[in-house]
Each structure stands twice: as structure tokens, then as C-alpha cells.
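The next block holds one structure in the form of C-alpha cells; read it before the comments.
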Amino acid sequence: MDFNADYTMLVDGKLLQAAAHFAVINPASEEAFAQVPDAGCEDLDQAVAAARRAFPAWAATPISERRRVVKAIAQTILDNVEPLHRLLTREQGKPLSEAKIEVAGAGQWLTAFADLDLPVAVKEDSEERFAETRHIPIGVVGAIPAWNVPIMLAVFKFGPALLAGNTVVLKPSPYTPLTTLKIGELVQHLLPPGVFNIISGGDHLGPMMTGHPGLDKISFTGSTATGRRVMASAAPTLKRLTLELGGNDAAIVMPDVDVEQAAQQLFWSAFFNNGQICVAVKRLYVHSDVYEPFKVALVDYARTVIIGDGQQAETQLGPLCNRAQFERVLGLINDARENRYTFLLGGERMPGPGYFVPVTLIDNPPEDSRIVQEEQFGPVLPLIRFDDFDEVIDRVNASELGLGASVWGRDEDQAWAIAERIVSGAVWINESLYMAPTMSFGGAKQSGIGVEGGLEGLLEYTTSQTIMRRKLPSAA
Ligand code: NAD
């Protein structure tokens, strides 16, 4: 298989082109290096129809067999980490080392997740009646991931959907469709036709999916603004929804922290994947007692980090993934400059080509500044000084978002007590970004609806069904 050409969609078990195509850009060079099918209405209809035809038989397939297939897909991804991660770097921009972690991690996550089972609970077993609650698949799932960790996010959706007995139409982001399409090509022979379909397309395709009457559920990962549109568009057909949306995650650094160690860990908590992680640290609240030494340690460490083309072995931070995100992040930097906030590092434009932004640290901007209030999703981080724990918890919780948060310090009981008062889907203590297949993950408030991962994540792809049997009088 040629990983650098011939990108096709997977529909009804066949590899297909579309009437139109669009270009994929390498964010490090801004060169269009691949053409992919631009699915239209008819392609979507075809994929949905195939998924609907395939649904009854797949739903009736024992979960042990579905598990075997999901694990075979995972193994195929693991067997092809080498070419897949190189392709991922070219379309997404992240360093090869991170792309490898993502592709291998997706395969490993899927392997472990597939061990989960759908529970059956006996609710009554009396003289009159036997009743049990079980979980049946929903139907056809439309899966719409974002571009930041496109393979991981796709796996988070199609893995549980398939294991639970649904069929799938997956649409990768138009910025990062290539690796996903190649995975489709690699796994097509592992599934019955129509069970797993992958279609690529431009901005028109997502809204077409969320409004399509043939899809029973949408599993969406993206911004909160788009999540609102997805919910509105899904309302007329009352589709089930999982929405994994934006975050403005706060880290709270306590006065007893190990400054050097925390500065380094928090750098990567904020800047891994160039800050393009939903649960990246996006506002860093540091206690006054350690603010100055922490600031110095963070700036010193940040100066050592190498920015460049993700395809170069020494690169630690690549470009931003796409022009829209690049301009958004530059807009936030310009706003900080116009408001005369103090830059500890960065803030200037880097010479092109490529969507490169320097690591930018801003010293104690006001709480109501855009860089504190908005999700930057890029390599710009505000450090904010605080004195009082009650007050900082209020500031953290004032956001309409509540995806993740973290607390850093030696007093673990105090850190735990703070964690319990934060309103978010996850809180880490003395670490961040950690996720496991058995742990559910999702957002509080406007960071989302529903969860991914864990048994709770699997159940999102099911309808709860209770069967009640009135016991007949036994024949005398
Ligand atoms: P986005 O909302 O622009 O797009 C996400 C996906 O939705 C893409 O595939 C896009 O093509 C599609 N899309 C765009 N408009 C649509 C519409 N009207 N209807 C249906 N689909 C549509 O988001 P993005 O910029 O690609 O991703 C960045 C955002 O994703 C950030 O806010 C980040 O925090 C969030 N995110 C959240 C999680 C999480 O698990 N909570 C994980 C990763 C990223």
C-alpha cells in the first residue's frame, strides 16, 4: 500500500473516490501535498444506507465476535504504526515522536477497551416476574472528531460504537483526513461491508451528517461553538449525542510545590502538541509565595525547547495544525500586545513558511483578559498570581467551561480538598493529561454532554432496555 497517494473513502466495504477532491496542506511548509475525496450528499447517503443495511446483522453478532474484530482493527493499527505516524506528522504537523505515541496509543487503547462487556442486571426475580435491564445498540453512529489528535479521537468513537453493536459513518476533519482514510483501507477486509464507513469532505459535510435522518447518534469532538450547532441540527430527528467540547483548564500551583520539577511538568501539560489538546493547561494560577521562582524556572525551561518541522528528529514543538488556528492564536497574542501585557517569552511572529508560533508566556494578565477567559488551543500561556485558595477556586469555577483542571503541591490532602471543589470532568493532582481505557472522560458545564472511555463511555452507544416476563403458573 502506498501511504503517500491514492486516498480513498471506505463505503459499503469498497474503496471509493468522489466526484470532487480537496487538498491537504502540510502545516510546516504550507504546501498542498495530497488530494482527497470531497464527499457530497450522494456519497453520504450511500454510506448511511450501507450502514443501515449492515446494522441488523452486526447488532445480532455476539459481542465476543465484535470484540475479536475490534481487536483485529487495533492490531492492524499497531502493525502499521511506522507508515501511519509519518503520514500523521505530514498532515497534522506534530513531531514524529508524538505522532508515534498517538498512533500506537490509539491501537493500545482500542485493544484494552475491547475487553469491556455490556452489563446485564437482574432487576426482579420474584414469584410473579423476572426482569432484567440490558443495553442494546442504537443504530448508525455518525462520528465527527477534531484535528488535534485525529487518530485517538476517531478510535475513541468507532471503537465503542462497533463493540456495542452499532454501525459507523466516520468523517475525519478536513485538515487531517489522510491517516484515517489509510486506516480504513487497512481494515476494510476485517469487517462485513457497511459496518464501518469512512468519508472525507469539506466544511459542508459535518452539518449534512448532523441533520441526516438516517443517522441515529452523533459523537462529536470539537469546539463548544460548533457543539451548540451540532445539538441544534440534531434536534429535529432527536439523535442521541455525545459532545466532547472545549476546555479552559486551570492549573493551581500551591506554595509548597517543588518549583523546578513542577515548572518542567507544567510546561508539557500546557504545550504538548503545541497546546492543541482539549485538556492542556490553559491558565496557570501560581501562589504568590512561589510566583517569582516558578516564573524563572518556567521561562528557563521554555527557552530550551526546539521548534521546527515535525519531520525533523530534533523537533519538540511543530507548527500549529492549520491556518484558521494559526490566525486565532496570533489574534490572542496581538490582543495581549495591544493591551500592553508583559511578555516573559515569545510574542513575536516567526519567519514563514509554516504555521509556526513561538512559545509565548504572559506575565499576570488581568483575570478578564481574553488570554485568560478564552481557550487559546495554541502555545500561549498566561501565568496568573494568586494569594487565597477560596478566591482562586472561584476564579477557576467562574468559566462556562469545565473540562479538566490540575492541582500541584506536596500537601496531597490539601490538593485533594481543592480538587473536590473544582467543577470539571477531570482533576489531576501532580500530573495532567493522563487517560486510561477504563476511565471515563468528559466535560462539565459547556465542555460537553456525555463521556468517552470506560464502561460509561461504552454505554453511551447503547439504549437501556428492560425486559419483564410475567411468570406463568406452572402446569400442575
Ligand atoms: P471544530 O468544532 O471546528 O470542528 C470539529 C469537527 O467538526 C471537524 O471534523 C469539523 O469538520 C466538524 N464540523 C465543523 N463544523 C461543523 C458543523 N456545523 N456541524 C458538524 N460538524 C462540523 O473544532 P476544531 O477546531 O476542529 O477542534 C478544536 C476544539 O476541539 C477545541 O475547542 C478543543 O478543546 C476541542 N476538543 C475537545 C476534546 C474533548 O474531548 N473534549 C478533544 C479534542 C478537542
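Predicted, not measured: the structure shown is a model, and the values here were computed from it.
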**CA sep, side-chain torsions, deciding dist, call: F267, L381, side-chain contact (heavy atoms from CB on, under 4.5 Å)** = CA-CA 9 Å; F267 178 86; L381 182 68; over 6 Å; no
**Message:** Could you tell me if the side chain of V69 sits less than 4.5 Å from the side chain of V195, heavy atoms only?
**Reply:** no
**Asked** Mind checking whether S432 and V279 have side chains closer than 4.5 Å, heavy atoms only?
**Response** no
**Request:** Could you go through the side-chain hydrogen bond (donor to acceptor under 3.5 Å, both in side chains) check for W416 and E412 one step at a time?
**Result:** CA-CA 6 Å; W416 192 277; E412 294 178 341; over 6 Å; no
**Request:** May I have the step-by-step check of side-chain contact (heavy atoms from CB on, under 4.5 Å) for E375 and S223, ending in yes or no?
**Result:** CA-CA 9 Å; E375 180 186 34; S223 61; 5.5 Å; no
**Prompt:** Which one of V372, I252, D249 satisfies the side chain to side chain contact (heavy atoms under 4.5 Å, CB included) criterion with R283?
**Reply:** V372
**Message:** Would you say that more than 12 heavy atoms from the other residues, nucleotides or ligands in this model lie under 6.0 Å from the CE of M435, or not?
**Reply:** yes
**Message:** Treating S406 as the side-chain partner and I429 as the backbone partner, does any N or O pair qualify as donor plus acceptor under 3.5 Å?
**Reply:** no
**Asked** Rounded to the nearest 0.5 Å, how far does NZ of K217 lie from CG of N166?
**Response** 8.5 Å
**Request:** Evaluate the ring planes of Y355 and F326, with Trp represented by its six-membered ring, and classify them as parallel (under 30°), tilted (30 to 60°) or perpendicular (over 60°).
**Result:** tilted
**Request:** Compare every heavy atom of K71 with every heavy atom of A114, then report the nearest pair and how far apart it is.
**Result:** CB-CG, 3.7 Å
**Item:** Sub-4.5 Å side-chain heavy-atom contact between L170 and K157
**Value:** no
**Request:** Starting at SG of C321, measure out to CG of N26 and round the result to the nearest 0.5 Å.
**Result:** 10.0 Å
**Fill in**
Tightest non-hydrogen contact, residues L88 and E102, listed as CD2-OE1, 3.6 Å
**Prompt:** Are any side-chain N or O atoms of N148 and backbone N or O atoms of Q276, one a donor and one an acceptor, separated by less than 3.5 Å?
**Reply:** yes
**Request:** Using only heavy-atom distances, determine whether the side chains of E91 and T179 contain a donor-acceptor pair under 3.5 Å.
**Result:** yes
**Prompt:** Within a radius of less than 6.0 Å around CG of D203, do more than 12 heavy atoms belonging to other residues, nucleotides or ligands occur?
**Reply:** no
**Asked** Is the number of heavy atoms from other residues, nucleotides or ligands within 6.0 Å of CZ (R240) greater than 12?
**Response** no
**Asked** Is there a side-chain contact between R66 and I63 (heavy atoms, below 4.5 Å)?
**Response** yes
**Donor on one side chain, acceptor on other, Q264 and W268, under 3.5 Å** = no
**Item:** Residues Y461 and T242: side-chain donor-acceptor under 3.5 angstrom
**Value:** no
**Request:** For K445 and E400, run side-chain contact (heavy atoms from CB on, under 4.5 Å): C-alpha distance rounded to whole Å, both residues' side-chain angles, the deciding distance at 0.1 Å, then the answer.
**Result:** CA-CA 6 Å; K445 298 188 273 185; E400 68 180 20; 5.9 Å; no
**Message:** Side chains of V380 and L332, heavy atoms from C-beta outward: is any pair under 4.5 Å?
**Reply:** no
**Asked** Does any N or O in the side chain of W408 come within less than 3.5 Å of the main-chain N or O of A251, such that one atom is a donor and the other an acceptor?
**Response** no
**Asked** CD1 of I183 to CD1 of I77: how many Å apart, nearest 0.5 Å?
**Response** 4.5 Å
**Prompt:** Roughly how far apart are T76 OG1 and L84 CG, rounded to 0.5 Å?
**Reply:** 10.0 Å
**Prompt:** If you look at every heavy atom in A51 and N197, which pair is closest and at what distance?
**Reply:** CB-ND2, 3.7 Å
**Side chain to side chain, F220 and L241, heavy atoms closer than 4.5 Å** = no
**Message:** Treating K171 as the side-chain partner and P177 as the backbone partner, does any N or O pair qualify as donor plus acceptor under 3.5 Å?
**Reply:** no
**Fill in**
In terms of heavy-atom contacts, A47 and V169 come closest through O-CG2, 4.0 Å
**Message:** Donor-acceptor pair, distance only, cut-off 3.5 Å: does the side chain of H85 make one with the backbone of E98?
**Reply:** no
**Request:** Looking only at non-hydrogen atoms, find the nearest pair between M254 and D411 and report the distance.
**Result:** CE-O, 3.6 Å
**Request:** Answer yes or no: is there a donor N or O on one side and an acceptor on the other, between the side chain of N397 and the main chain of R421, under 3.5 Å?
**Result:** yes
**Asked** According to the interplanar angle, ranging from 0 to 90°, do the rings of F196 and F158 count as parallel (below 30°), tilted (30 to 60°) or perpendicular (above 60°)?
**Response** tilted
**Message:** Taking the basic N atoms (NZ, or NE/NH1/NH2) and the acidic carboxylate oxygens, is any pair closer than 4.0 Å for R52 and D216?
**Reply:** yes
Table please: side-chain donor-acceptor pairs of residues 305-314 below 3.5 Å, with sequence neighbours left out.
| unit_1 | atom_1 | unit_2 | atom_2 | d |
| --- | --- | --- | --- | --- |
| D309 | OD1 | Q311 | N | 2.9 |

**Asked** When you measure from the side chain of S447 to the backbone N and O of G246, does any donor-acceptor pair fall under 3.5 Å?
**Response** yes
**Asked** Can you tell me if R323 uses its side chain to pair, donor with acceptor, with the backbone of P27 under 3.5 Å?
**Response** no
**Asked** Looking at OG1 of T466 and NZ of K123, how far apart are the two atoms once the value is rounded to the nearest 0.5 Å?
**Response** 7.0 Å
**Message:** Quick one about T224 and Q446 (side-chain donor to acceptor, distance below 3.5 Å, no hydrogens or angles considered), yes or no?
**Reply:** no
**Item:** Flag side-chain contact, heavy atom, 4.5 Å: V392 against I418
**Value:** no
**Message:** For a quick test of reading the model, state the closest non-hydrogen atom pair linking P137 to A59 and the distance between them.
**Reply:** CG-CB, 3.7 Å
**Message:** A side-chain contact here means heavy atoms from C-beta on lying under 4.5 Å apart; do P207 and R229 qualify?
**Reply:** no
**Prompt:** Is a side-chain N or O of N274 found less than 3.5 angstrom from the main chain of L317, in a donor-acceptor match?
**Reply:** no
**Asked** Does the side-chain contact (heavy atoms from CB on, under 4.5 Å) test come out yes or no for H21 and Y7, once each step is laid out?
**Response** CA-CA 10 Å; H21 289 79; Y7 301 101; over 6 Å; no
**Request:** Ignoring hydrogens and angles, tell me if any N or O in the side chain of D38 forms a donor-acceptor pair with the backbone of G201 under 3.5 Å.
**Result:** no
**Prompt:** What is the distance from atom CZ of F377 to atom CD1 of I277, rounded to the nearest 0.5 Å?
**Reply:** 7.0 Å
